[in-house]
Trainee: 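The following block contains the structure, expressed as structure tokens.
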Amino acid sequence: MQRHLITSAIPYINGIKHLGNLVGSQLPADLFARYQRARGREVLFLCATDEHGTPAELAAAKAGKPVAEYCAEMHEVQSEIAKGFRLSFDHFGRSSSEANHKLTQHFAGRLADQGLIREVSETQMYSHADGRFLPDRYIEGTCPNCGFDSARGDQCDNCTKQLDPVDLINPHSTISGSTELEMRETKHLYLCQSQMKDQLEEWIDTREGWPVLTTSIAKKWLNDGDGLQDRGITRDLDWGVPVQKGDEPWPGMEGKVFYVWFDAPIEYIACGQEWVDAGKGTDWERWWRTDKGADDVTYTQFMGKDNVPFHTLSFPSTILGSAEPWKLVDYIKSFNYLNYDGGQFSTSRGRGVFMDQALEILPADYWRWWLLSHAPESSDSEFTWDNFQTSVNKDLADVLGNFASRVTKFCRSKFTEAVPEGGAYTERETRLIEELTAKVRDYEAQMEAIEVRKSAATLRAIWVLGNEYLQEVAPWSTIKEDPEMAAMQIRLGLNLIRLYAILSAPFIPDASAQLLTAMHSDTADWPEDVAAALEALPAGHAFTVPEVTFRKITDDERADWQERFAGVRT
RNA sequence: GGCGCGGUAGCUCAGUUGGUUAGAGCGAACGACUCAUAAUCGUUAGGUCGGGGGUUCGAGUCCCCCCCACGCCA
């Protein structure tokens, strides 16, 4: 049996993500996971929260809570929202877990053993009032170039000049406002990625069928300027994985933690352990260790384009550098950005729709369908309320929902609430089945290839076939002269509803479940044989006319939401 | 400034290794039907494929230059 390990880029802990974040990783990953499960394959779908680093500490301080408590709460919040969107993670872990602490320290130790870690002394800005070293962007002062008084330590937002914190005039901490800053010497560990360059490049060159977006970004980082640079993997912070060499202390590194970019991807693996610890599985190594059964696993990662360098270079450096038989990613599916109504989604400015707000307005399926059918695969795409309204109303309410409605209601009024009996297929039905079969095979191929938009378009075309058929055979006419013929047509129509529910489940799981329930169908096997699947509901099988599956979005709602989400999140 | 990804019908997008009259959905117009969530189905309209050169028997599809948008980096 095929086995699929699937991970979505792990969302950062400080706050609720917007729809652009959702469609860039978690949602398409869920689509793929659901599809593979529906095909009967064994799937392990993992995601987690990325919890370490300065932004988490500051967010916690702002909330007046200890950082561990803050993260625990926010993890719960994100977890609930994920459930709301029906993201079917086998486990939603935490990068701050004990498992990840151990594994991160293990990898660092292995990398050191392999000669891939070096110590570097550098100077960083230390704030006495804050009692901590400050990342460049948390220091502000007057720009020596243009005189702008809120230039950050890494760059001036006014003149865009790249800066070093020591360049600033009257530098101060943006956390406390303190001006008691000094450059202090500190020692950090660097991962020698530069030594891995050839190995990484060879690996990437031999990957087949990867999205252009993925490989072009990777190659750029490998060969741009001086090539792949070594990167610091430690920080002078309290919140994080303490620096250790495996189980041993790391002399000179006391009080330091690993930098978030180092421990975050390792959480993909640690999450497998958490999955076992949570009692949901028994053996995580058969997914992650090629010497323990993971040889036949296909590992697919999903992420936005901003995360590609970490997944094509940094994390593989960790894996390959360890010289241990860890499972390396097989396919990286990356996405461009989703824009919002002519601009970018902005977390800091509260522009756009955030995951919690989206669920307050409409059920998950509406968002899932629109976002996936407009996924930014080949280039950035754009969310507009107008497009959202027309797409969702047309596709879900008119084409799919109304199909279920017209068939079931017609049957109830002309026959009974049970599958009618009698009649036999004609050439028209044979043709319909042929067309359906061809489209279903296309749909499968596109789903296997993770062609998200194309899959959605094909699924919609499958829905349309049902409407075309009904329109053509017109059971409301045939019933007048040939009731048996009408019975056969409607029997097929009812079975089509069930077929559609099964095929659509990866995109719109709730609606799919509702339709299956209405059809009183307790099986949902994938239609390997479409003709057979269309006989699953036999004559006499009772059903219930479903509630309106998708209500339409009104013009008033659209206008209201358009205004509500234009500005600042309240 | 460098690099990357794009610029295809009003809108959102497909267009394989260059090959007959450039496609889909929505929107629009017209028609059919009336079972259904004023739904559905059909037909039609509409594009010098960002601009200009070049290679080729032939280019949206390859090469060069330019313009525009977005992003990343300096």
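To find a chain, count down the sequence lines: A is the first, B the second, and so on, and within it residues start at 1.
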Trainee: Show your working on side chain to side chain contact (heavy atoms under 4.5 Å, CB included) between A:Lys17 and A:Tyr12 and close with a plain yes or no.
Mentor: CA-CA 8 Å; A:Lys17 305 297 123 181; A:Tyr12 199 67; 4.1 Å; yes
Trainee: Answer yes or no: does a side-chain N or O of A:Lys454 lie under 4.0 Å from OP1 or OP2 of B:G15?
Mentor: yes
Trainee: Taking CG from A:Asn467 and P from B:C35, how many angstroms apart are they, rounded to a whole number?
Mentor: 16 Å
Trainee: Rounded to whole angstroms, how far apart are CG on A:Asp386 and P on B:C26?
Mentor: 15 Å
Trainee: When rounded to the nearest Å, what value does the distance between C1' atoms of B:A59 and B:U16 take?
Mentor: 15 Å
Trainee: Looking at B:C35, B:U37, B:C41, which one has an atom nearest to any side-chain atom of A:Arg406?
Mentor: B:C35
Trainee: With pairs defined as Watson-Crick or G-U wobble and both distances under 3.5 angstrom, please note down RNA chain B as a dot-bracket string, | for pairing with another strand.
Mentor: ((((.((..((((.....[...)))).(((((.......))))).....(((((..]....))))))).)))).
Trainee: With the side chain of A:Val399 defined as its heavy atoms from C-beta on, choose the nearest nucleotide among B:G71, B:U37, B:U40.
Mentor: B:U40
Trainee: 5'-most contact on RNA chain B: A:Thr549 or A:Trp463, nearest heavy atom basis?
Mentor: A:Thr549
Trainee: According to a strict under-4.0 Å criterion, is A:Lys552 in side-chain N/O contact with OP1 or OP2 of B:A38?
Mentor: no
Trainee: Provide, to the nearest angstrom, the distance between the NZ atom belonging to A:Lys394 and the P atom belonging to B:C13.
Mentor: 20 Å
Trainee: In whole Å, I'd like the distance from the CG atom of A:Asn339 to the P atom of B:C70.
Mentor: 9 Å
Trainee: With nearest nucleotides of RNA chain B determined for A:Asn387 and A:Arg551 from heavy-atom distances, which residue corresponds to the more 5′ nucleotide?
Mentor: A:Asn387
Trainee: B:A29 and B:A22: how far apart are their C1' atoms, nearest whole angstrom?
Mentor: 23 Å
Trainee: Whole angstroms only, please: what is the CZ-P distance between A:Phe388 and B:G25?
Mentor: 22 Å
Trainee: Between A:Phe565 and A:Trp385 (judged by ring centroids, cut-off 6.0 Å), do the two rings come close enough to count as a pair?
Mentor: yes
Trainee: Distance check needed: B:C35 C1' versus A:Glu472 CD, whole Å only.
Mentor: 16 Å
Trainee: Mind checking the P distance from B:C5 to B:A45? Whole angstroms is fine.
Mentor: 37 Å
Trainee: Distance check, rounded to the nearest 0.5 Å: A:Tyr443 atom OH versus A:Glu448 atom CD?
Mentor: 11.5 Å
Trainee: Is the shortest side-chain N to carboxylate O distance from A:Glu377 to A:Lys454 below 4.0 Å?
Mentor: no
Trainee: Assert yes or no for the condition that the ring centre distance of A:Phe383 to A:Trp370 is strictly below 6.0 Å.
Mentor: yes
Trainee: Mind checking the P distance from B:G23 to B:C49? Whole angstroms is fine.
Mentor: 14 Å
Trainee: Would you measure the distance from the P atom in B:G58 across to the matching atom in B:G53 and give it in whole Å?
Mentor: 16 Å
Trainee: Are the charged groups of A:Arg564 and A:Asp560 less than 4.0 angstrom apart, N to O?
Mentor: no
Trainee: Write down the distance separating the C1' atoms in B:U55 and B:C63, rounded off to the nearest Å.
Mentor: 7 Å
Trainee: Considering every strand and a 4.0 Å limit on heavy-atom distances, what is the contact class for A:Val407: base, sugar-phosphate, or nothing?
Mentor: nothing
Trainee: Whole Å only: how far is the CG atom of A:Leu396 from the P atom of B:C26?
Mentor: 13 Å
Trainee: When the aromatic ring centroids of A:His311 and A:Tyr268 are compared, is their separation below 6.0 Å?
Mentor: yes
Trainee: Using a heavy-atom cut-off of under 4.0 Å over every strand shown, decide if A:Phe550 touches base, sugar-phosphate, or nothing.
Mentor: base
Trainee: Give a yes or no on this: more than 12 heavy atoms of other residues, nucleotides or ligands lie within 6.0 Å of atom CD of A:Glu557.
Mentor: yes
Trainee: Considering only heavy atoms and no angle criterion, is a donor-acceptor pair shorter than 3.5 Å present between the side chain of A:Asn402 and the base of B:A39?
Mentor: no
Trainee: For A:Ile497 and B:U37, give me the distance from atom CD1 to atom P, rounded to whole Å.
Mentor: 13 Å
Trainee: Mark yes when over 12 heavy atoms from residues, nucleotides or ligands other than A:Glu547 sit less than 6.0 Å from its CD; otherwise mark no.
Mentor: no
Trainee: Kindly check if the number of other-residue, nucleotide or ligand heavy atoms within 6.0 Å of CD (A:Glu202) is above 12?
Mentor: no
Trainee: Output yes when at least one side-chain N/O atom of A:Arg460 is less than 4.0 Å from OP1 or OP2 of B:C26, else no.
Mentor: yes
Trainee: Under the 6.0 Å and 45° cation-pi test, does A:Lys552 pair with A:Phe550?
Mentor: no
Trainee: Might you list the N or O atoms of the protein lying below 3.5 Å from N or O atoms in nucleotides 31-33 of chain B, with each pair's distance?
Mentor:
residue : atom : partner  : partner atom : Å
B:C33   : O2'  : A:Trp476 : NE1          : 3.2

Trainee: Please report the distance separating the P of B:C66 from the corresponding atom of B:C72, rounded so that it comes out in whole Å.
Mentor: 24 Å
Trainee: In whole Å, measure the gap between the P atoms of B:G46 and B:C35 for me.
Mentor: 36 Å
